[in-house]
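Since we're looking at a predicted model, the values are computed, not measured. Throughout, protein chains are lettered first and strands after them, A, B, ... in sequence-line order, and every chain is numbered starting at 1.
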2 protein chains.
Amino acid sequence: MTASPAPLATDGAPLVVPVPLAGKAYDILIGPGLVARAGAEIAARFGAVAVTIVTDEAVAAHHLGPLAESFAAAGLAHESVVLPPGEQTKSFASLEHVVDAVLAQRRERGDLVVALGGGVIGDLAGFVAAIVRRGMRFVQIPTTLLSQVDSSVGGKTGINTPRGKNLVGAFHQPSLVLADTATLTTLSPRHVRAGYAEIAKYGLIDDPDLFAWLEANHGAVTGLDPAALAHAVAASCRAKARVVVEDEFETEGARALLNLGHTFGHALETATGYGERLIHGEAVAIGVALAFRFSAQLGLCPPEDAARVAAHLHAAGLPTRLSDVPGDLPDDAALVALMAQDKKVKRGKLTFILARGIGQSFIANDVDPAAVTAFLGTERGR
Amino acid sequence: MTASPAPLATDGAPLVVPVPLAGKAYDILIGPGLVARAGAEIAARFGAVAVTIVTDEAVAAHHLGPLAESFAAAGLAHESVVLPPGEQTKSFASLEHVVDAVLAQRRERGDLVVALGGGVIGDLAGFVAAIVRRGMRFVQIPTTLLSQVDSSVGGKTGINTPRGKNLVGAFHQPSLVLADTATLTTLSPRHVRAGYAEIAKYGLIDDPDLFAWLEANHGAVTGLDPAALAHAVAASCRAKARVVVEDEFETEGARALLNLGHTFGHALETATGYGERLIHGEAVAIGVALAFRFSAQLGLCPPEDAARVAAHLHAAGLPTRLSDVPGDLPDDAALVALMAQDKKVKRGKLTFILARGIGQSFIANDVDPAAVTAFLGTERGR
């Protein structure tokens with residue numbers, strides 16, 4: 001990792017991060033202008049496929065027209081399904097609706113589902129592609145920073161149910177990811193900061209040099225400086241791709257490292273209703289800070305590292321404490337119960353990603369719920 | 001293949017057919033009494049897992065009590081979900097219902113979904129297991145001849161939609177298949193004959209010796225003679241396992257051979273509403289006979305072989321002609337349109353499994369719909 005961002009290629013070509021999964025390798029292209037080039041990139045790779053675009057109303061207003069034009073220019077047949085924006089779209093009802101639309105359009109196995117949007121659209125459309133005709137190809141065009149650095153890579157797809165988030169889904173790898181960094185200019189600063197939390201997470205998992213680079217350059221990243229942004233997105237995608245290649249189906253453990261901050265974070269999201277009160281990246285930021293302070297309290301991690309993590313997230317405009325969540329939260333026992341309904345549970349013990357220091361995270365499979373309850377008490381000043 | 005059935009092992013142990021898929025190998029056990037031994041077999045392989053049994057009301061009346069007792073005796077926690085019998089249970093609504101039940105029972109990734117029933121239950125429960133927490137283990141306990149020789153092996157799971165059969169699903173291999181041949185005594189003779197059609201199919205695909213053995217012994221098989229039955233089920237499972245190992249995801253073609261008779265057959269089932277008017281194995285029998293006569297008309301197959309196929313299916317009490325279907329059928333063009341909405345379609349050409357003779361089936365990817373229409377005209381005597 002260098003101390004300054006790598007420049008974009010001088011010819012304006014996107015950065016390319018390969019994901020070398022055996023039998024289903026794919027590329028992530030990163031840079032400005034990829035929506036307008038999507039038709040050409042897809043036609044060059046997959047030929048004369050027919051496309052179903054899945055998007056939401058908010059994203060469609062900015063990007064559906066240019067995307068459809070690029071498909072038309074490339075001679076690709078295309079139709080779209082436009083859904084309401086928001087987490088409630090990741091439901092069985094939406095799944096059935098989109099599946100029916102894809103079948104009504106008579107798409108075949110080799111045709112494409114294209115997800116144009118953030119994580120909700122990518123997770124839902126990817127799951128549709130996973131199950132229609134037992135597996136169609138799909139392409140991710142993520143339009144949020146969060147989805148560009150996280151959910152669009154790695155093949156986790158799914159929906160929520162009333163019993164929890166992402167409890168239903170499939171592993172289904174995309175055939176291509178087009179991360180158009182120019183789309184991020186339509187995001188609110190709050191959503192840019194939230195996506196930034198996942199970038200910082202990659203440094204904290206196993207890349208202390210990336211974390212140090214972010215400490216020096218986070219303003220350029222969240223300010224959407226093109227070179228800094230492409231560098232940070234590419235570093236994140238490379239980090240995620242490494243883990244995914246090692247443990248595609250999250251069976252051997254390595255992939256669980258990506259959940260740093262997520263066990264706490266998902267509990268907070270469930271408690272706050274997955275809405276504007278606390279958005280995903282903010283929950284992850286608090287979760288990461290908690291994971292480091294929990295590690296420090298357990299004597300695993302130097303308290304200075306936990307403080308450095310919180311200071312950086314705070315400097316980037318992110319929340320780091322339970323008290324940063326607006327409004328009331330459930331009591332400690334109720335929060336721990338929410339963690340226990342998370343899917344990363346084995347035989348009553350909780351799985352957490354803990355850390356021995358910055359860039360030294362590890363999987364702890366046998367965390368006692370009582371220790372978590374005690375830690376939450378400390379956090380709340382009791 | 002011998003001219004007489006292999007005897008059951010003298011100690012009463014079941015026949016074992018391994019399915020050696022890399023990373024997810026499993027065994028098929030075949031013989032009488034396996035429902036009563038299910039708890040012990042599962043506990044020996046998977047330890048103290050918790051089990052959700054998925055079954056239907058008709059099967060539950062015969063087999064749910066003994067199965068639950070065997071789980072209790074083995075110390076396995078278990079709950080059941082009992083659904084209405086019939087093809088309409090393979091729906092999005094049932095999928096959501098069973099998924100919710102499995103989540104309500106707080107099953108974890110390593111726990112088991114057990115499918116107790118025929119193909120509808122196996123396909124639905126397997127799909128539930130495929131998508132809950134992005135993949136749980138599942139065990140098939142098929143209780144029909146059709147599911148013992150076909151759907152319980154190979155990992156195809158799914159549901160129907162108003163737009164067609166099996167258009168939504170996943171490839172998800174079972175961890176164990178327990179084919180209790182004693183459960184078949186509760187089937188009607190009609191359903192035994194229907195299952196027999198799939199057994200004959202395996203001989204016709206690539207095993208002329210099996211077909212010859214069936215010509216001599218079909219009465220013992222459909223009469224449920226224990227040794228003949230176990231021999232025929234095991235031969236079928238071995239044949240299917242060979243193809244599945246070669247082409248797990250039906251991408252390289254080999255697996256498509258299993259669809260011998262199914263493109264015609266599915267069109268007839270769609271036309272007749274997937275009900276008692278024409279059950280699946282009967283549709284397959286007609287489809288197989290049609291595939292051989294179509295092959296003969298195209299000059300690919302000796303007419304004597306097509307006649308021998310039809311004669312054997314007729315001797316086994318199965319239908320072999322469109323005119324054997326009670327009531328009216330759609331016209332030829334409408335039947336071909338139904339085939340074209342089947343998922344085995346590429347770029348407007350139909351895929352059929354055709355044959356150069358008995359045991360010499362092959363995949364034809366570019367069958368002209370007009371040739372099929374012309375053949376159907378011949379079949380109807382025009």
Reference residue A:K165; test side chain to side chain donor-acceptor pair (under 3.5 Å); the match among A:E269, A:E87, A:H266 |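 Per the side chain to side chain donor-acceptor pair (under 3.5 Å) rule, the option paired with A:K165 is A:E87, out of A:E269, A:E87, A:H266.
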Test: A:K156 and A:D123 ion pair at under 4.0 Å |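 Salt bridge absent between A:K156 and A:D123.
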Given the options A:V99, A:V128, A:T157, which has more heavy-atom pairs under 4.5 Å with chain B than any of the others?
-> A:T157
Under 4.5 Å, heavy atom to heavy atom: which of residues 88-96 of chain B reach chain A? Give them by number, or say none.
->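 Only B:F92, B:L95, B:E96 of residues 88-96 of chain B have a heavy atom under 4.5 Å from chain A.
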Okay, B:V168 and chain A: the region with an atom under 4.5 Å from a heavy atom over there is both
Using side chain to side chain donor-acceptor pair (under 3.5 Å) as the criterion, list what pairs up with B:D27, not counting sequence neighbours.
->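 B:D27: no side chain to side chain donor-acceptor pair (under 3.5 Å) contacts found.
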Stepwise, does the side-chain contact (heavy atoms from CB on, under 4.5 Å) test hold for A:L112 with A:T52?
-> CA-CA 6 Å; A:L112 275 190; A:T52 299; over 6 Å; no
Stepwise salt bridge (charged side-chain N to carboxylate O under 4.0 Å, His left out) test for A:E248 and A:R255 | CA-CA 7 Å; A:E248 182 181 355; A:R255 187 163 183 158; over 6 Å; no
Largest heavy-atom contact set with chain A, pairs under 4.5 Å, which of B:A130, B:G158, B:G135, B:A104 |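 Top option by heavy-atom pairs under 4.5 Å: B:A104.
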B:F127 and B:H172: CA distance, side-chain angles, deciding distance, ring-ring contact (aromatic ring centres under 6.0 Å, His included) verdict = CA-CA 7 Å; B:F127 191 31; B:H172 188 59; 9.6 Å; no
Is a side-chain N or O of A:H262 found less than 3.5 angstrom from the main chain of A:L260, in a donor-acceptor match?
-> yes
For B:S147 and B:G118, work out which heavy atoms get closest and say how close.
-> OG-CA, 3.7 Å
A:V132, part contacting chain B, at a heavy-atom distance under 4.5 Å |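 It is both, since atoms from each part get that close.
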